[in-house]
Number of protein chains: 6
Amino acid sequence: MTAADLSPGLPATLIARAVAAALDEDLGLSGDITTDGVIPAGSRASGVLAARRPGVIAGLGVAAATFRHIDPTVTFEAVVADGQSVPGGSVLARVAGDARALLTAERVALNFLGRMSGIATLTRRYVDAIAGTRATIIDTRKTTPGLRAFEKYAVRAGGGMNHRTGLFDAVLIKDNHIVVAGGIGPAITAARKRAGHMVKIEVEADTLAQLDEALRHHVDAVMLDNMTPAEMAQAVRTVAGRAVLEASGGVSLETVRAIAETGIDLISVGALTHSAPVLDLGLDFEVAAGPRA
Amino acid sequence: MTAADLSPGLPATLIARAVAAALDEDLGLSGDITTDGVIPAGSRASGVLAARRPGVIAGLGVAAATFRHIDPTVTFEAVVADGQSVPGGSVLARVAGDARALLTAERVALNFLGRMSGIATLTRRYVDAIAGTRATIIDTRKTTPGLRAFEKYAVRAGGGMNHRTGLFDAVLIKDNHIVVAGGIGPAITAARKRAGHMVKIEVEADTLAQLDEALRHHVDAVMLDNMTPAEMAQAVRTVAGRAVLEASGGVSLETVRAIAETGIDLISVGALTHSAPVLDLGLDFEVAAGPRA
Amino acid sequence: MTAADLSPGLPATLIARAVAAALDEDLGLSGDITTDGVIPAGSRASGVLAARRPGVIAGLGVAAATFRHIDPTVTFEAVVADGQSVPGGSVLARVAGDARALLTAERVALNFLGRMSGIATLTRRYVDAIAGTRATIIDTRKTTPGLRAFEKYAVRAGGGMNHRTGLFDAVLIKDNHIVVAGGIGPAITAARKRAGHMVKIEVEADTLAQLDEALRHHVDAVMLDNMTPAEMAQAVRTVAGRAVLEASGGVSLETVRAIAETGIDLISVGALTHSAPVLDLGLDFEVAAGPRA
Amino acid sequence: MTAADLSPGLPATLIARAVAAALDEDLGLSGDITTDGVIPAGSRASGVLAARRPGVIAGLGVAAATFRHIDPTVTFEAVVADGQSVPGGSVLARVAGDARALLTAERVALNFLGRMSGIATLTRRYVDAIAGTRATIIDTRKTTPGLRAFEKYAVRAGGGMNHRTGLFDAVLIKDNHIVVAGGIGPAITAARKRAGHMVKIEVEADTLAQLDEALRHHVDAVMLDNMTPAEMAQAVRTVAGRAVLEASGGVSLETVRAIAETGIDLISVGALTHSAPVLDLGLDFEVAAGPRA
Amino acid sequence: MTAADLSPGLPATLIARAVAAALDEDLGLSGDITTDGVIPAGSRASGVLAARRPGVIAGLGVAAATFRHIDPTVTFEAVVADGQSVPGGSVLARVAGDARALLTAERVALNFLGRMSGIATLTRRYVDAIAGTRATIIDTRKTTPGLRAFEKYAVRAGGGMNHRTGLFDAVLIKDNHIVVAGGIGPAITAARKRAGHMVKIEVEADTLAQLDEALRHHVDAVMLDNMTPAEMAQAVRTVAGRAVLEASGGVSLETVRAIAETGIDLISVGALTHSAPVLDLGLDFEVAAGPRA
Amino acid sequence: MTAADLSPGLPATLIARAVAAALDEDLGLSGDITTDGVIPAGSRASGVLAARRPGVIAGLGVAAATFRHIDPTVTFEAVVADGQSVPGGSVLARVAGDARALLTAERVALNFLGRMSGIATLTRRYVDAIAGTRATIIDTRKTTPGLRAFEKYAVRAGGGMNHRTGLFDAVLIKDNHIVVAGGIGPAITAARKRAGHMVKIEVEADTLAQLDEALRHHVDAVMLDNMTPAEMAQAVRTVAGRAVLEASGGVSLETVRAIAETGIDLISVGALTHSAPVLDLGLDFEVAAGPRA
């Protein structure tokens with residue numbers, strides 16, 4: 001299976017580029033001087049990639065690509081799939097090949113997989129917390145610089161959905177835009193002239209009056225900023241399906257269910273990508289020394 | 001002041017490259033379609049970059065470079081300095097310039113500054129927790145792919161020190177290396193032949209017997225892996241200054257002081273870079289509409 | 001004025017990168033050997049960038065960036081603005097500076113400006129051809145590899161709008177997708193699970209029956225592929241505003257008005273970007289020899 | 001067959017880089033969200049790449065490389081060869097492999113092949129128009145930024161020859177150079193000091209007097225700018241083989257034969273690369289759904 | 001003066017890219033840790049770039065660009081010019097600015113300038129050795145990977161001329177080509193079909209018979225491979241100006257004059273770029289400590 | 001065997017990038033126009049890579065990667081290994097495959113291998129010159145811009161060791177640092193605060209008094225700058241193993257043994273990388289013409 005098969009929907013060119021950059025960082029001009037000095041050329045090794053703690057896995061294709069970037073003959077057999085929830089101690093994949101290659105690639109592979117799985121795991125916790133409601137957990141643009149594609153992929157693997165990818169693929173009119181434009185209506189009108197027919201428009205509303213104005217201008221979605229659940233429930237009734245409603249601001253695992261139960265459509269959570277702790281993973285090796293070079 | 005002045009020691013070329021990549025991600029082929037549609041050309045704005053919560057700041061040079069990448073005429077006046085601890089609500093910097101540029105650059109600048117400050121803040125908590133002992137908090141290679149230089153800089157800003165940068169600048173002999181080499185002694189001997197005179201050698205020791213063997217081969221440092229404080233204290237007495245001693249594994253804010261009080265030299269904490277939550281920051285704007293283009 | 005001011009909405013990083021690549025192509029390892037050999041160092045020149053034929057201008061910011069890439073002290077004063085229609089013979093901009101820099105940058109600047117203006121000019125012809133109808137001219141993904149952002153910008157400058165930017169920012173379900181999915185309904189359902197709430201969904205319909213099915217599944221837009229005007233008019237009546245309707249296939253300047261008069265919303269024209277002839281431009285110099293180096 | 005075999009003489013590194021850039025543009029951070037959502041993993045497909053209209057084919061190696069960039073296991077069997085003239089409806093190649101890969105790569109592959117074949121087709125029309133004369137059709141530096149190697153290759157595939165590649169590989173002394181240098185003679189002398197023995201020198205001549213002066217200084221070629229056929233015939237007689245003569249300026253399919261019949265050596269046509277319409281191509285698929293993932 | 005002014009004809013983009021790559025190599029992720037630790041922020045310094053030994057200078061523009069890449073406010077005043085011969089001890093340029101920037105950039109600037117000046121110096125020795133003859137010293141493609149533009153520039157600065165830049169800008173038919181083609185004549189005929197009218201053709205001749213055959217096919221140049229001076233003199237008489245004659249193979253400072261006196265046009269010397277020792281340069285600083293940061 | 005196997009310890013990504021850049025330089029936009037014109041498609045060839053002169057080989061992995069970059073099916077069988085000393089006339093490797101690919105890649109492969117082997121050969125001469133002493137030959141940062149990793153690898157292949165890789169991986173306090181810091185002691189103290197526990201500190205000492213001061217501050221190494229052998233011997237006695245001692249400045253093959261016999265630990269030689277002449281290599285082909293395309 002290729003990296004694209006293990007992490008479907010994540011463009012292979014992005015994987016290749018990020019893996020090369022991460023290995024460059026770790027190898028510098030001199031490479032892995034410990035392994036090159038200590039492990040004889042031709043040594044073989046195999047290992048088991050395991051989760052030390054329970055979590056949701058994301059990024060197996062990136063981990064596989066990391067090992068193969070160092071040595072294309074390394075085998076990487078995934079035992080689980082991206083998006084799968086696993087108990088602590090689970091084997092995720094088996095790797096085998098040149099011992100130097102495996103030892104050299106180990107940390108970078110774990111850094112990708114642990115971080116992406118951490119995001120998927122936190123996302124799943126939010127998703128589970130609102131089970132049975134009609135709401136969906138979504139991410140934000142508060143992602144790690146350089147890794148947005150990977151983090152938004154991990155959110156999907158965790159069961160969430162993605163908000164807009166960047167500034168380029170959807171309109172989100174915020175308070176400052178509204179002030180300059182002279183109101184929600186003029187802002188929407190101006191935005192629509194720039195955006196094509198395939199671009200959706202969302203407006204931030206701090207009050208129900210703003211929500212009304214936005215609806216009158218037929219926006220696709222409205223972001224309710226820092227409203228109370230009671231206000232949100234009122235907004236849901238007001239909108240009555242005429243636009244998608246997003247709750248935003250100060251969402252936590254403690255508060256998310258109450259928000260979801262207001263009938264809101266979407267709950268955006270910046271913490272999914274900006275504050276998810278890593279999922280603790282390890283690579284348990286068996287190394288067999290080759291003949292001294 | 002240049003980016004290099006605001007974040008001294010962080011190579012300006014790395015800043016420029018990371019900022020460009022992060023903006024590429026956010027702007028795609030179409031740019032900020034909301035701002036371009038809604039904000040008239042020529043509008044001016046100013047804003048105040050503020051910490052919503054207390055923390056240690058790192059990355060002001062990167063934030064400044066982000067705004068200036070979009071528009072070199074934007075002014076960025078830092079009010080605090082990297083490494084400074086600030087209370088919640090503190091103003092960090094003032095920005096002023098073309099309104100479109102400020103709105104477009106805002107999120108990427110905050111993503112860098114929030115993440116780096118989050119690492120600095122967590123580092124400072126560990127540093128403060130061991131105040132008065134002789135130990136130093138250090139980082140690991142468990143960094144975000146592509147951002148190692150930025151995260152290791154943030155650890156220094158938080159008051160910690162850096163472990164080796166990558167696989168290339170120091171030798172760290174781990175259990176698998178020892179097994180293949182046939183013992184700690186042969187591993188050190190092999191490594192020394194590859195490493196030059198300016199490269200230090202550290203060995204992982206799981207037992208005091210291994211520690212003894214490492215000392216006999218004159219290593220520069222020994223990493224004590226998952227030892228109890230009592231074992232560490234014993235190790236400190238055994239070594240008696242002949243090598244630097246590092247505690248590693250399972251360190252938390254709860255356990256770190258007891259470890260430090262064993263007399264150990266270094267305590268490495270992976271969480272500094274792999275699990276630090278972002279520091280909550282915001283950019284409060286005043287936007288003045290220009291004449292309609 | 002910066003490049004971003006002259007061609008607003010076109011990300012400056014994309015301009016810088018495309019200009020550098022184009023100059024690399026033209027300069028190779030040896031640079032402009034004619035100019036270096038013949039024009040004395042220190043010579044000054046000025047010139048007038050002019051349209052040899054009538055057309056709509058697009059890309060002044062890119063042309064300016066090309067001259068400034070060679071020599072940042074070159075002045076570029078635009079006389080017209082992107083999106084403006086000009087008669088043949090019009091002066092577009094004045095450039096002045098180091099003679100070598102101007103002569104070396106000339107062809108690349110003209111290649112960008114001529115090509116982009118060619119697209120804007122052809123777009124304007126389509127836009128004018130449907131004046132008074134409610135339809136909008138849009139582009140396609142049939143763009144020049146590497147220049148999509150520039151060409152979609154030129155379409156906007158010409159008065160058209162953009163279809164989706166790429167495969168990533170909107171769903172367009174075509175015949176092959178429908179066949180595999182087992183029908184329009186299942187295809188839409190599957191696509192909706194992948195696409196977030198900010199992503200619109202369009203379906204290709206070859207028949208009015210397919211159109212009905214698409215409407216039942218609440219798509220945002222329907223692309224009518226190669227239908228006759230009569231069929232389109234029927235589709236317009238059927239849809240009655242429930243979705244955006246796009247006419248596609250075989251549109252020409254001869255046929256576009258009849259299509260627009262069916263009441264359709266959008267008319268996509270691949271030729272805007274794949275077959276627009278260049279707008280004929282020239283740079284008329286006055287070169288003053290400096291002292292022999 | 002490799003890309004280099006299908007499009008011989010086009011450096012494989014250039015192909016790889018242009019294909020990656022074009023796919024980046026189309027895939028962004030999210031990839032082909034339609035196909036990923038709708039087409040089950042593991043589906044297979046095959047297709048026939050066909051010319052909708054008659055033309056000359058160029059770029060099969062680039063098209064093949066596009067499919068293989070997405071999935072290296074895709075098979076691409078060319079039925080015709082670059083440079084071959086085909087009737088409308090001709091099958092050009094058969095592709096088979098993973099259905100997602102084929103659908104995702106389709107548009108970019110067609111964008112390259114259609115554009116390059118458009119150039120080859122227009123070139124062939126000019127070449128055919130002067131059949132039987134001793135003249136050769138050549139291109140100019142009026143190429144698409146970033147694609148010069150591809151477009152000059154397409155001109156050769158169409159039966160034309162290339163003028164200089166860029167500013168770096170030949171000297172072309174134009175009117176502004178002559179003015180500054182103080183005449184054709186001094187300009188040639190100055191240029192010769194910079195150019196090595198393997199670099200040819202061409203001079204633009206607007207009059208027969210200038211032609212005489214250029215010949216006295218032993219230039220390799222002379223570009224006759226906007227002369228009438230009668231003047232060109234006179235120039236041919238004057239030169240009598242002492243230099244290569246190029247006709248330039250305002251050449252069209254209507255005028256090219258009369259120009260060729262003057263006995264001129266070369267006729268340069270900017271339109272070959274700046275205004276050739278795309279050759280209309282299509283990819284007719286058969287998609288077989290795989291098991292739902 | 002810009003880098004382009006100090007090293008005219010060397011494309012500024014190439015300089016910028018090579019300088020960035022060289023500084024990346026030297027700075028890694030951590031920068032200049034000695035200077036950052038020891039030199040207080042805000043310290044100023046000035047220095048004198050001097051030649052320790054006599055030589056010909058080349059690369060002042062590259063050295064200037066190196067300092068300015070680290071800090072754009074550094075001043076670099078050249079005292080001599082590229083191509084100038086200087087005695088040992090000569091001051092070449094004065095630099096002044098931020099002390100950290102100067103210390104950090106020093107080695108890379110010297111590496112460029114010393115290497116390029118070494119090539120210029122060796123070239124000048126060959127040029128001087130044949131003074132008064134009609135021959136010209138030229139380089140080869142035996143250049144340092146990645147630095148061809150810089151090395152060919154240095155050869156010109158030393159008074160030599162350049163052979164072809166690469167495989168792309170001139171035809172050089174060697175023995176293996178001749179064998180496969182079935183003789184010099186067929187090889188020339190085949191090459192001419194591929195090369196445009198602005199591309200020169202040179203043939204390698206090992207014997208005078210081969211020289212005759214090449215002349216019959218009107219080549220532009222003939223490379224006489226490893227011939228004795230007597231054979232070369234015979235070749236010069238045979239050719240009588242009908243082609244340019246190049247002596248190649250085993251040329252040294254001891255043998256070059258005898259070769260030049262045969263009347264040959266060109267003498268190519270691989271050692272100019274593959275074996276020139278560096279010119280010994282140094283940077284003598286005056287550093288003034290700033291206030292402790 | 002992969003490139004990494006043939007040149008172990010040299011990161012494969014660095015090899016790939018340097019090879020691509022070098023081939024780009026040589027191929028430009030048009031490729032190898034001689035070979036493409038003259039050698040029929042499908043021709044096969046084989047060749048023997050041989051040393052024309054005795055030397056030490058380094059870079060076989062880079063040479064192999066060069067051929068395979070052009071055509072992955074080329075076979076490259078190394079007969080000797082990197083680091084091996086060979087007599088003149090030795091066969092180093094056999095290559096076989098597509099004739100065009102071999103002819104096109106030849107020069108770049110030789111440029112890498114010849115340069116790296118030149119460095120290894122010169123290093124070996126220094127190493128042999130001090131045989132029997134306890135000293136080690138080391139390199140400096142006076143390397144070719146862009147090729148540091150390759151040149152430091154070649155020094156190791158020649159039997160030398162590496163000094164620090166760049167400014168980032170070790171502290172080297174020089175005279176200017178000392179002056180600003182106000183003495184050796186303060187400089188060391190300041191540097192130690194910036195450098196982590198895995199970074200060694202070396203100080204330049206011009207006098208024995210400075211040496212004493214450095215030892216009092218427990219530096220890891222001291223560089224004796226331009227001392228006489230007698231002074232060095234005195235320094236060795238003074239240090240008595242408390243630090244590593246490096247001799248630097250003006251070392252030649254004539255003087256190196258006397259220096260080594262002082263008992264010094266390290267002798268750094270800039271000439272290894274800045275002035276090593278190329279090792280003369282060649283590729284002797286047998287080309288078999290394929291059927292005319």
Side-chain angles (χ1 to χ4, degrees), chain A residues 8-11 13-14 83 134-141 148-149 152-153 155-157 159-173 190-203 218-223 241-248 264-268, chain C residues 8-11 13-14 83 134-141 148-149 152-153 155-157 159-173 190-203 218-223 241-248 264-268:
Chain A
L10 195 49
T13 301
L14 297 186
R134 59 184 304 283
T136 300
I137 299 296
I138 61 171
D139 55 25
T140 67
R141 283 171 48 242
R148 185 167 291 173
K152 290 201 164 246
Y153 171 86
V155 167
R156 296 198 304 273
M161 287 294 284
N162 298 326
H163 207 306
R164 60 174 177 170
T165 306
L167 294 166
F168 56 87
D169 63 338
V171 169
L172 181 43
I173 298 173
R192 198 162 270 146
K193 287 179 60 179
R194 169 67 181 81
H197 72 290
M198 293 307 279
V199 174
K200 289 196 177 177
I201 296 181
E202 181 168 0
V203 175
H218 307 292
V219 293
D220 298 288
V222 180
M223 189 181 81
R242 287 175 292 165
V244 171
L245 276 183
E246 171 190 350
S248 171
I264 203 116
D265 299 294
L266 303 164
I267 306 172
S268 59
Chain C
L10 195 49
T13 301
L14 296 186
R134 58 184 305 283
T136 299
I137 299 295
I138 61 171
D139 55 25
T140 67
R141 284 170 48 241
R148 186 168 291 173
K152 290 200 165 246
Y153 171 86
V155 167
R156 295 198 304 273
M161 288 292 285
N162 297 327
H163 207 304
R164 61 174 176 170
T165 306
L167 294 167
F168 55 86
D169 63 339
V171 169
L172 180 43
I173 299 173
R192 199 161 270 147
K193 288 177 59 178
R194 168 66 181 84
H197 72 289
M198 293 306 280
V199 174
K200 288 197 178 178
I201 297 181
E202 181 168 2
V203 175
H218 306 291
V219 293
D220 298 288
V222 179
M223 189 182 82
R242 287 174 293 163
V244 171
L245 276 183
E246 171 190 351
S248 171
I264 203 116
D265 300 293
L266 304 163
I267 305 173
S268 60

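Lettering of chains follows the sequences in order, A, B, ..., and the numbering in each one begins at 1.
Rounding to the nearest 0.5 Å places CZ of C/R192 at 10.5 Å from CE of A/M161.
In this structure, chain A has heavy atoms under 4.5 Å from both the backbone and the side chain of C/R194. Interface residue C/M198: backbone and side-chain heavy atoms are both found under 4.5 Å from chain A. If you measure heavy-atom distances from C/I201 to chain A, the contacts under 4.5 Å come from the backbone alone.
No other option in C/V171, C/V199, C/T165 has as many heavy-atom pairs under 4.5 Å with chain A as C/V199.
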field: A/H197 vs C/I138, side-chain contact (heavy atoms from CB on, under 4.5 Å): CA-CA, chis, key distance, verdict
entry: CA-CA 9 Å; A/H197 72 290; C/I138 61 171; 3.6 Å; yes
